[in-house]
Protein chains: 2
Amino acid sequence: MIRNTRQRTAVNAVFEELEGFHSAQEVHARMRAAGDSIGLSTVYRAVQALVDDGELDSIRTDAGEAIYRRCSTRHHHHLVCRACGRTEEVEGPAVERWADRVAGEHGFVDVTHTLEIFGTCAACHRAGATTETP
Amino acid sequence: MIRNTRQRTAVNAVFEELEGFHSAQEVHARMRAAGDSIGLSTVYRAVQALVDDGELDSIRTDAGEAIYRRCSTRHHHHLVCRACGRTEEVEGPAVERWADRVAGEHGFVDVTHTLEIFGTCAACHRAGATTETP
DNA sequence: CCCGCAGTCGACAACAGTTCTCACATGCTC
DNA sequence: GAGCATGTGAGAACTGTTGTCGACTGCGGG
Ligand SMILES: [Mn+2]
Ligand SMILES: [Mn+2]
Ligand SMILES: [Zn+2]
Ligand SMILES: [Zn+2]
């Protein structure tokens, strides 16, 4: 039986206030800084539970760190700025169909996929362009 | 100046004989078992160098482990069996165009993407189906 | 050839992220 | 409220990976 605890509620609340992706460690530090008493293990358990419930979406950084974000329920993917971390949710029914089709053609069943797009957002590109100019 | 060493040659050779994705640790263990003397750090450095040279492709497992595979040079994606790890390389020009276009529409430049498809391959599905039947 | 040395090796320590342990605390049901 | 399954958290343990540093070696120049 799943129980309502102060800690779980608080972790949930953090992701309500926060935009974009955040790691468990960051959430933990943030809560501690705000005066919330909570253990790191508990944060890990809480985000895992939220992922299992489909309330958080998780991706892995190149460095191997898991980061989490409250997501809309529709299936979508992420467009992530390499420089500032800003993320946009994008959808592409054509991609979904393509993935399912190509997997089916190879005899695969029970198909899922992961798709992330990375780039430099307009703002960061502008900033980079001005600082890079000699 | 990059030097030719017995160890780098050996790691390269392992990926020549091996199909599919393999972790640095697995490669290290495999070499040790075969009587090859090599340090784990060296394996990590070697695979990293091969990735930098574009000779190996690397993806990250859900568990956060980096796995490597000798890849064809064309841009492609992977269809991976959850059960046995068998992988197929797949291509989809439409997906490439879609990713670039949607990123461009959001003002992103210097765009890359990652796309992996997961499923159960036909063989594993058959095996699973028979064992699951009561 | 062999010298010299930058590049490389590898045992080991250090790190980072995550999970486990277990004594203790606390929601929930009755 | 009492009982108890469930959750908590400090710390240890674990995992994959990278850093350290003295020893070693490929290789271009002498
Ligand atoms: Mn999709
Ligand atoms: Mn692609
Ligand atoms: Zn940006
Ligand atoms: Zn399979």
Side-chain angles (χ1 to χ4, degrees), chain A residues 1-15 18 20-53 55-69 80 85 114 116, chain B residues 1-15 18 20-53 55-69 78 80 85 87 114 116:
Chain A
M1 205 254 163
I2 274 93
R3 204 179 283 175
N4 279 339
T5 64
R6 171 180 65 80
Q7 292 89 340
R8 286 214 258 257
T9 308
V11 169
N12 206 334
V14 168
F15 280 99
L18 245 41
F21 286 95
H22 305 274
S23 69
Q25 311 233 20
E26 182 194 337
V27 168
H28 179 244
R30 204 177 272 268
M31 295 176 77
R32 281 290 181 90
D36 252 343
S37 156
I38 187 171
L40 179 57
S41 311
T42 302
V43 174
Y44 273 108
R45 286 188 286 243
V47 294
Q48 196 47 61
L50 290 168
V51 168
D52 292 346
D53 288 0
E55 302 211 35
L56 293 187
D57 203 19
S58 103
I59 65 177
R60 229 171 236 283
T61 66
D62 274 355
E65 189 179 25
I67 51 180
Y68 308 86
R69 172 187 183 174
V80 184
T114 66
E116 307 292 336
Chain B
M1 206 254 164
I2 274 95
R3 200 180 288 176
N4 280 339
T5 65
R6 170 179 65 79
Q7 292 89 341
R8 285 214 258 258
T9 308
V11 169
N12 207 335
V14 168
F15 280 99
L18 244 43
F21 285 94
H22 305 275
S23 70
Q25 311 232 20
E26 181 195 338
V27 168
H28 179 245
R30 203 178 272 269
M31 296 177 75
R32 282 289 182 90
D36 252 343
S37 155
I38 187 170
L40 179 58
S41 309
T42 302
V43 174
Y44 272 107
R45 285 187 287 242
V47 295
Q48 196 47 61
L50 290 167
V51 168
D52 292 346
D53 287 0
E55 302 211 34
L56 293 187
D57 203 20
S58 101
I59 64 176
R60 223 170 242 282
T61 66
D62 274 355
E65 188 179 26
I67 51 180
Y68 307 86
R69 173 187 184 175
H78 295 110
V80 184
T87 63
T114 66
E116 309 292 336

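Looking at B:T9, its side chain does come within 3.5 Å of a backbone N or O of B:T5 through a donor-acceptor pair.
For residues 37-47 of chain A, there are no salt bridge (charged side-chain N to carboxylate O under 4.0 Å, His left out) pairs, not counting sequence neighbours. Among residue pairs with one or both ends in residues 21-39 of chain A, those qualifying as salt bridge (charged side-chain N to carboxylate O under 4.0 Å, His left out) are A:E26-A:R30; sequence neighbours excluded.
In terms of heavy atoms, B:T87 sits closest to B:G20 at OG1-CA, 4.1 Å. Closest non-hydrogen pair, A:I38 versus A:H28, comes out as O-NE2, 3.0 Å. For B:A24 against B:L40, the heavy-atom pair with the smallest separation is O-CD1, 4.5 Å. When all heavy atoms of A:S58 and A:V51 are compared, the closest pair comes out as CB-CG2, 4.2 Å. A pairwise comparison of heavy atoms in B:I59 and B:E116 identifies CG2-OE2, 3.3 Å as the closest pair.
Under the side chain to side chain donor-acceptor pair (under 3.5 Å) criterion, A:Q25 pairs with A:Y44, sequence neighbours left out. By the ring pair (Phe, Tyr, Trp, His ring centres under 6.0 Å) test, A:F15 is found to be paired with no residue, residues two or more places apart in sequence or in another chain being considered. In this structure, the side chain to side chain donor-acceptor pair (under 3.5 Å) partners of A:D52, at least two apart in sequence or on a different chain, are A:Q48. A search for side chain to side chain contact (heavy atoms under 4.5 Å, CB included) contacts involving A:D57 returns A:C71, A:H76, A:H78, not counting sequence neighbours.
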Fill in the blank from the handout: Heavy-atom contacts, protein to nucleotides 23-30 of chain D, under 4.0 Å, summarised as B (base), S (sugar-phosphate only) or - (none) per nt, yield --BBSS--

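Annotation: proximity of residues 57-68 of chain A to DNA chain C (heavy atom, distance under 4.0 Å) is found for A:E65, A:A66, numbered in ascending order. Of the residues in residues 34-43 of chain B, B:L40, B:S41 come within less than 4.0 Å of DNA chain D through at least one heavy atom, sorted by number.
If you measure from atom CD of A:Q48 to atom P of D:dT8, you get 14 Å, rounded to the nearest angstrom. Separating the CE atom of A:M31 from the C1' atom of D:dG9 is a distance of 13 Å, rounded to the nearest angstrom. When rounded to the nearest whole Å, the span between CD of A:Q7 and P of D:dG7 equals 11 Å. For the pair A:H28 NE2 and D:dG11 C1', the interatomic distance rounds to 13 Å; values are reported in whole Å. Protein atom CG of B:D52 is 11 Å distant from nucleotide atom P of D:dT18, rounded to whole Å.
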Which donor-acceptor pairs under 3.5 Å do the side chains of residues 60-68 of chain A make with protein atoms, sequence neighbours left out?
{"from": "A:R60", "atom 1": "NE", "to": "B:D62", "atom 2": "O", "distance (Å)": "3.1"}
{"from": "A:R60", "atom 1": "NH1", "to": "A:G64", "atom 2": "O", "distance (Å)": "2.6"}
{"from": "A:R60", "atom 1": "NH2", "to": "B:D62", "atom 2": "O", "distance (Å)": "2.9"}
{"from": "A:T61", "atom 1": "OG1", "to": "A:A63", "atom 2": "N", "distance (Å)": "3.3"}
{"from": "A:T61", "atom 1": "OG1", "to": "A:G64", "atom 2": "N", "distance (Å)": "3.3"}
{"from": "A:T61", "atom 1": "OG1", "to": "A:E65", "atom 2": "N", "distance (Å)": "3.0"}
{"from": "A:T61", "atom 1": "OG1", "to": "A:E65", "atom 2": "O", "distance (Å)": "3.4"}
{"from": "A:E65", "atom 1": "OE2", "to": "A:S23", "atom 2": "OG", "distance (Å)": "3.3"}

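Axis deviation across the helix from C:dC1-D:dG30 to C:dC30-D:dG1 amounts to 30°, comparing end segments of five pairs, rounded to 10 degrees.
Looking at heavy atoms from C-beta onward, B:H22 lies out of side-chain contact with B:V14 at the 4.5 angstrom threshold. With contacts defined as side-chain heavy-atom distances shorter than 4.5 Å, the pair B:V27/B:V47 does not qualify.
Within the 4.0 angstrom heavy-atom criterion, base atoms lie near A:R45. Residue A:Q25 is classed as a base contact, given a heavy-atom separation below 4.0 Å to a base.
The outermost nucleotides of DNA chain C lying under 4.0 Å from heavy atoms of chain A, listed 5' to 3', are C:dG17 to C:dT29.
Summarising the geometry, atom CZ belonging to B:R3 is positioned 8.5 Å from atom CZ belonging to B:R8; distances are rounded to the nearest 0.5 Å.
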